[in-house]
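Data block below; observations after.
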Number of protein chains: 2
Amino acid sequence: MASRNMTQAAFFVLTALADQPRHGYGILREVEELSDGAVQLRVGTLYGVLDRLTADGLIVLDREEVHEGRLRRYYRLTDEGMRALDAEAERMAAGASAAKRRIAEGRGAPGPVTNPAQGPGLAGGLA
Amino acid sequence: MASRNMTQAAFFVLTALADQPRHGYGILREVEELSDGAVQLRVGTLYGVLDRLTADGLIVLDREEVHEGRLRRYYRLTDEGMRALDAEAERMAAGASAAKRRIAEGRGAPGPVTNPAQGPGLAGGLA
DNA sequence: CCATGATATCTCGGTTACCGATATATAGCG
DNA sequence: CGCTATATATCGGTAACCGAGATATCATGG
């Protein structure tokens with residue numbers, strides 16, 4: 001079970017593998033491309049992530065090919081990996097949206113500056 | 001400069017502080033609440049994050065209050081922290097959206113490009 | 001022919017980050 | 001008096017990151 005939260009690196013590896021199987025080096029380039037250069041997955045990080053994701057059953061070794069004398073080891077998502085990625089994408093989207101909402105509130109502050117009924121237990125007066 | 005990618009914990013702390021200054025324990029509850037329980041920021045993690053964010057100039061100590069005999073140390077975002085949060089939210093939203101697009105592609109037919117509805121709305125469907 | 005760079009795999013070790021446990025302190029409930 | 005909630009903070013083991021290097025093939029080019 002994924003008791004621990006997924007790391008950024010793991011998330012982007014899963015995303016790179018979501019549409020088709022890819023090999024390590026291809027994942028590296030794909031992550032950089034799909035994040036528009038914002039996320040740079042390092043080589044030293046990649047294989048650790050790959051091992052961890054495999055151990056967790058989120059990805060599996062799809063096949064091995066020899067292309068131009070160079071070995072390519074392709075990985076692909078499992079069903080569980082697909083589900084985990086979907087859930088994580090949901091969490092990230094929600095987090096990003098919450099952040100943006102708050103940024104807008106904090107800057108413009110139209111209407112009541114204080115949010116009155118925000119959550120339970122916040123009913124304290126001020127000292 | 002934030003050469004290293006921001007951690008999940010740091011992101012959610014910044015988000016919790018985006019609308020108003022909060023103290024440590026309040027951040028803890030706020031993060032859990034705004035993520036709907038999905039993200040549990042641990043006490044042991046919090047103060048390390050707070051120190052790091054302060055050192056990076058993304059937050060500052062706002063004020064100290066004594067409430068019911070208990071000390072409350074309030075932190076607030078700096079302008080730089082606001083900018084960093086905004087940028088990170090953008091990156092997360094882009095990543096989440098890329099992941100969902102790929103999930104849809106991978107699941108759908110291998111034929112022509114399917115055209116999923118755009119927008120922030122979630123088209124989950126993985127029951 | 002060899003240097004360089006791109007492609008491709010993987011390991012090692014230092015640094016950073018996470019988080020359970022623990023310590024300290026006040027207040028309220030039973 | 002013990003338990004829970006609030007509130008701070010530190011310590012140490014584990015997990016993760018990532019720069020650096022090892023190994024190997026092929027293309028470019030000086």
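In the text below, chain A, chain B and the rest are named by the order of the sequence lines, each starting its count at 1. Just the heavy atoms: all of them, side chains too, but no hydrogens, waters or symmetry mates, feed the values below.
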For this session: Run through B:Val60, B:Leu58, B:Thr54, B:Asp62 and flag the one making a side-chain contact (heavy atoms from CB on, under 4.5 Å) with B:Tyr75.
Result: B:Thr54
Exercise. How is the hydrophobic cluster of A:Val66 composed, in terms of its other members, when Ile, Leu, Val, Met, Phe, Trp and Tyr link through side-chain heavy atoms under 4.5 Å apart, directly or indirectly?
Worked result: A:Leu71
Problem set entry | Qualifying ring pair (Phe, Tyr, Trp, His ring centres under 6.0 Å) pairs, either residue in residues 33-55 of chain A, two or more places apart | none
Seminar exercise, completed: side chain to side chain contact (heavy atoms under 4.5 Å, CB included) filter on B:Asp51, not counting sequence neighbours, yields none
Problem set entry | Set of ring pair (Phe, Tyr, Trp, His ring centres under 6.0 Å) partners for B:Tyr25, sequence neighbours left out | none
Seminar exercise, completed: Looking only at D:dA7, D:dC17, C:dT7, the nucleotide nearest the A:Ala9 side chain is D:dC17
Between the protein and nucleotides 26-30 of chain C, which nitrogen or oxygen pairs come in under 3.5 angstrom?
from   : atom 1 : to      : atom 2 : distance (Å)
C:dT26 : O2     : B:Arg70 : NH1    : 2.9

Problem set entry | Residues from residues 46-60 of chain B lying under 4.0 Å of DNA chain C - heavy atoms | B:Val49, B:Arg52
For this session: Applying side chain to side chain contact (heavy atoms under 4.5 Å, CB included), name anything that partners A:Arg70, two or more places apart in sequence or on another chain.
Result: A:Glu68
Problem set entry | salt bridge (Lys or Arg N to Asp or Glu O under 4.0 Å) involving A:Glu88 - partner list, sequence neighbours excluded | A:Arg91
Seminar exercise, completed: Residues at least two apart in sequence or cross-chain that pass side chain to side chain contact (heavy atoms under 4.5 Å, CB included) with B:Ala9, listed by chain then number, are B:Thr7, B:Leu41, B:Thr45, B:Val49
Problem set entry | Closest listed nucleotide, where the reference is the side chain of B:Thr7 and the choices are D:dC18, C:dA17, D:dA7 | C:dA17
